[in-house]
Each structure stands twice: as C-alpha cells, then as structure tokens.
Amino acid sequence: MALNVLCLLVGLAMLFAIRGLGDSVELLRLGGLAYLAGIAALTLLAIALLVLGAPVGVGLIVGIAVVLGGVSVGWGIRTGRARPARIRPAMGLRKAAVPGLLCLVGVLAFLAAALRAARLQSLFVTSEWDAWSIWTTKAKAIYLLGGLDPHAFRTFFQPGYPLFVPTLEAMDFHFMGSADTTALHLQFWLLLAGFVWAVGGLLRPRVPHILIWPFVLLLFSTIQLKGLALSPQADFPLAELFGAAGLCIGLWVVRREAWLLAAGGLLLAAAMETKREGYLFAGALLLGALAGSARTTRHSWPRLAAVFALAFAATLPWEIWRRIHDLAGPLQGSSSAGSGARLGPALSSVAQILLDTHFWSVIVPLGLAAALLVLLRGGRRLPVLYLTTLLAAYAGMTWVLSAGVDFSLGPESGQNPIPRAAGAIALFTVALTPLMLGAALDREKT
C-alpha cells in the first residue's frame, strides 16, 4: 500500500506542475489520473534504472519519488500554478443526477466485491497460467536477483516481453518485504479502481453522471473483466492505461489544454511498455487523433507527433537491453506465410470478439452508435477520432491473428490473444463514449 500512496503523491505533484490544482474538490476529482500517472512515471523510471544495472529497492524507489515529486512541485511554484485551496461549499443535488449516482453506487459495490476477491484469490489457478509462467516469474527474478539477469531471463517463457508489469510487481515485493503472490492481487485491484476514478474525474463536470456511470457499470458485467481484472498479468493494465490515455487525448482534441496531452503521452508510454499490443493500439490512437484534428493540422499534428514520439522513446531502454542480450522478441513465432488464406477468418473472428456480447458485452456496439449519433448531429472531432482508432486497431488485430501460426483462429481458443487484447478497445470505448454522448446532447460541434 505504501508504494501506491507514494505513486498517488508523485502523480499529484506532476499534475500540479503541468496544470495546477485549484481546490480540494479538484484535487479529489483528479486523484485517479494522478495515481495512474504516478504508477506510470515511477515504473518507467525504475525500468530505465534496471537497464542501467541499478538494484531497484525501497530506498531507490523512494529517492526517485522524492526527486520527481520535488522537481514537479518546484516547477509548479516557479510557473505560478494554482495551488489547492480550501474545500468549496457543497453543491445541491439535482434530481436529474440521481439515476447516474445510483449507477455509481453500483460501481462502488462491484469494486468492493472485487476487493474482497482480491484479498482471497490465490495466484496458482488455471486461469492465471500466464501470471506465474511469465509476469510474476520475471518479477521474482528481479526482486531476488537484485536486477535484470540476462541468463535467468533466457530461461523464461517469452523473455523479450515488455517489462512494465514485472517491474511493478518487483517494486511491490520490495515494499512488502517478500514475494507475496497472494497480496499481489491487491495491486491489480488498485489499478482497476484507479482507472474508474480517473475516468469519472476527467469526465466530470463536463459530462453528467447519467452518461458516465452506466457505461462503467456495464464494464463490470463483462465476462472478460471478471477473468482478467485482478490477475497479475499485463492484459488488463494495458487496457486501463490505454483507456485513460485515450480519454486524455480525446479531451485534448476538444479542449486543446496542453496538460491533457502530456498526461496522455505518459500513460501511453506505460501502455506500450506493458505489452506488445500497446504499440499497435498507440499507433491506432495516433491515427485517430490526427484524423480528429484534421481541421487544425498546423497546430495539432506537430504536437501529437512529438508527444507520441516521446512516449515511444520512453520504451527504448528495455528494447535496447533485450536486443543487446539477444532475448527473443515478442513477435517471434509469427509469420506472414499463408496469412492470405487466414485473412477472411481472422476478420470475422476479430469482429465477433469486438461485437459479440459474450466477450465485451455491448460496449463497442454502443460506442459505434454514439459515434454515428454525434456525426448525424454535426459533430466531427470525437467520432472521427474514435472510429479511426477502432478501425486501425481492428486492422492491426486482424493482421496479428492472420500472421499467427501457433493458435487457432477461433474466438474461444485459449491461445487466441485477441479477446484479451480487445479489452484495450473496450475500456477506451467506456471512457470515450460518455464524452461523445455529452457532445451530442449539448449539440456541440465536437
């Protein structure tokens, strides 16, 4: 828990540096985004230090946090950012907000139930094979060996996978004082709660409660979330980081506030360092953001290109290290040979995963409907961003599936990575759809 409190404080300091924090209500509203940003920043810095050979223990992690937080606060003061003030008087509750707030109560109830499950869940269950064969095994090696050992990594399954989750788990082990794989589930519950908090905080007060919380509540009804959200694997952290990053980028396309682009870039870097699919989704989001900003190319495109390039650069330390030590890349085992014959089934399979209620409920169909509604009402930027991102991600996932040689194309196949990968699109949709619907109801040209 101490590590997560530290991440929250660092994230708040960074938000103060890039935008300021006007009052205590705003401080609370943006706490979820601050938490995810703090997790992203500290873990990315820890990966860079591991690559350089530093033993990342409690002392070094705290030192990184103090330096990063101190520099952020100093910069915020120097640039005259707004500082947290006293709490504002309580606002009256409008009757129109009651249905949405009831959905929020439902979300909190699901989070409470998930917390109880996280406290009781054991790592060594069939559904978490990847956790103890890839992610947690690497985390234990980092924790027990004091850093990255190329000889040990060569013995692991998928040694060249990105390092965000193993590094975060190793940091947890250091703060817990042991490699407690049962308590590890609490870390992934906190990431889930942080995502929910970040989405609600970023959308309020621009979007009414009734448009935010039903979509989040719908997420908790999905079969995939129940199997992935608390598992110490990289699939759901990727989805959470990408979903929050996509919302930040979407808000920036509408509002042009620089801090949103900076926060989105940081979360996107963490998403790319979480799993190989992160690069695919980041590329799709870049295309979507460029398309959504097509009317302001001179102002928007250079900024988008710079932020996405910096996000990609943040993942290079691990990529350079694994190439130097000749660790197998994450795309090993894929081949384009014969992919043409598999293209049709792959297109159908990915579409079924995105649209069939068995996987991610009706989240993506509702997102498509919201985008079309906004287009019909004269809006452009947000629906174009969403539809372009979705189509690019669809094409990318189809290519991955058609080029694969070691798993069935069937959506139900346990070796098919697309149902898990599609979680990034589902959470992105959960975050962006309320924003699109809010624009449609307000008749905004967004």
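We're numbering straight along the sequence, starting at 1.
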Undergrad: Between Phe312 and Leu316, does the side chain to side chain contact (heavy atoms under 4.5 Å, CB included) criterion hold? Intermediate values first, please.
TA: CA-CA 7 Å; Phe312 174 76; Leu316 291 179; 3.8 Å; yes
Undergrad: List the atom pairs, donor and acceptor, that lie under 3.5 Å between side-chain atoms in residues 29-56 and the rest of the protein, sequence neighbours left out.
TA:
from, atom 1, to, atom 2, distance (Å)
Arg29, NH1, Gly201, O, 2.6
Arg29, NH1, Arg204, O, 2.8
Tyr35, OH, Asn4, OD1, 2.5
Tyr35, OH, Gln187, NE2, 3.2
Thr43, OG1, Ile39, O, 2.7

Undergrad: Are the side chains of Trp252 and Arg303 in touch, meaning some heavy atoms are under 4.5 Å apart?
TA: yes
Undergrad: So how far is it from Ile353 CD1 to Arg420 CZ, rounded to the nearest 0.5 Å?
TA: 10.5 Å
Undergrad: Short question: side chain of Arg322, backbone of Leu327 - any donor-acceptor pair under 3.5 Å?
TA: yes
Undergrad: Under a 4.5 Å cut-off applied to non-hydrogen side-chain atoms, are Leu241 and Phe195 in contact?
TA: no
Undergrad: From Leu203 CG over to His209 NE2, what is the distance, rounded to the nearest 0.5 angstrom?
TA: 11.0 Å
Undergrad: Of all residues at least two apart in sequence or in a different chain, which pass the ring-ring contact (aromatic ring centres under 6.0 Å, His included) check with Tyr143?
TA: Phe173, His174
Undergrad: Minimum heavy-atom separation for Ala311 and Gly265, please, with both atom names.
TA: CB-O, 3.5 Å
Undergrad: Do the side chains of Leu168 and Leu191 get nearer than 4.5 Å, heavy atoms only?
TA: yes
Undergrad: Taking the side chain as C-beta and beyond, is there a heavy-atom pair between Leu218 and Ser221 under 4.5 Å?
TA: yes
Undergrad: Does anything in residues 286-297 form a side chain to side chain donor-acceptor pair (under 3.5 Å)? List the pairs, not counting sequence neighbours.
TA: Arg256-Thr296, Thr296-Ser300
Undergrad: Report yes or no: does Arg381 contribute a side-chain atom to a donor-acceptor pair with the main-chain N or O of Gly292 at less than 3.5 Å?
TA: no
Undergrad: Knowing that exactly one of Leu148, Thr136, Thr137, Ile142 qualifies, which makes a side chain to side chain contact (heavy atoms under 4.5 Å, CB included) with Pro166?
TA: Ile142
Undergrad: Would you say Trp301's side chain and Leu290's backbone share a donor-acceptor pair under 3.5 angstrom?
TA: yes
Undergrad: Which pairs count as ring-ring contact (aromatic ring centres under 6.0 Å, His included) when at least one residue sits in residues 47-80, sequence neighbours excluded?
TA: none
Undergrad: What's the spacing between Leu219 CG and Leu192 CG if we round to 0.5 Å?
TA: 7.5 Å
Undergrad: Are the side chains of Phe242 and Leu267 in contact, using a 4.5 Å heavy-atom criterion?
TA: no
Undergrad: Taking all atoms of both residues into account, what is the closest heavy-atom pair of Trp197 and Leu28, and its distance?
TA: NE1-O, 2.9 Å
Undergrad: Could you tell me the separation between the CG atom of Leu391 and the CG atom of Leu287, rounded to the nearest 0.5 Å?
TA: 10.5 Å
Undergrad: What is the distance from atom CG of Leu108 to atom SG of Cys103, rounded to the nearest 0.5 Å?
TA: 11.5 Å
Undergrad: If you look at every heavy atom in Thr388 and Val384, which pair is closest and at what distance?
TA: OG1-O, 2.7 Å
Undergrad: Looking only at heavy atoms, what is the nearest atom pair of Arg380 and Leu375, with distance?
TA: CA-CD2, 4.4 Å
Undergrad: For residues 426-436, which side-chain donor-acceptor pairs fall under 3.5 Å, sequence neighbours excluded?
TA:
from, atom 1, to, atom 2, distance (Å)
Thr429, OG1, Tyr386, OH, 2.9
Thr429, OG1, Ile425, O, 2.7
Thr433, OG1, Thr429, O, 2.7

Undergrad: Who passes ring-ring contact (aromatic ring centres under 6.0 Å, His included) against Trp321, sequence neighbours left out?
TA: Trp318, His325
Undergrad: Quick one, Leu261 and Leu304 - any side-chain contact, counting heavy atoms below 4.5 Å?
TA: yes
Undergrad: For a side chain to side chain contact (heavy atoms under 4.5 Å, CB included) check, start with the C-alpha distance between Ile249 and Leu268, then their side-chain angles and the critical distance, and finish with the verdict.
TA: CA-CA 10 Å; Ile249 299 298; Leu268 203 62; 5.8 Å; no
Undergrad: If you apply the rule side chain to side chain contact (heavy atoms under 4.5 Å, CB included), what do you find for Met176 with Leu3, and how did you get there?
TA: CA-CA 9 Å; Met176 289 189 290; Leu3 173 62; over 6 Å; no
Undergrad: So do Phe236 and Ser231 actually touch side chain to side chain, heavy atoms under 4.5 Å?
TA: no
Undergrad: Decide yes or no for Phe156 and Ile134: does some side-chain heavy atom of the first lie under 4.5 Å from some side-chain heavy atom of the second?
TA: no
Undergrad: Tell me, with the steps shown, if Phe110 and Val216 meet side chain to side chain contact (heavy atoms under 4.5 Å, CB included).
TA: CA-CA 10 Å; Phe110 273 109; Val216 178; over 6 Å; no
Undergrad: For Pro162 and Trp135, which heavy atoms make the closest approach, and how far apart are they?
TA: O-CZ3, 3.6 Å
Undergrad: Say you draw a straight line from CZ of Arg81 to CH2 of Trp259; how long is it, rounded to the nearest 0.5 Å?
TA: 11.5 Å
Undergrad: Using the rule side chain to side chain contact (heavy atoms under 4.5 Å, CB included), only one of Asn416, Leu355, Thr398 pairs with Val350; which is it?
TA: Thr398
Undergrad: For Gly69 versus Ala13, what's the shortest heavy-atom pair and its separation?
TA: O-CB, 3.8 Å
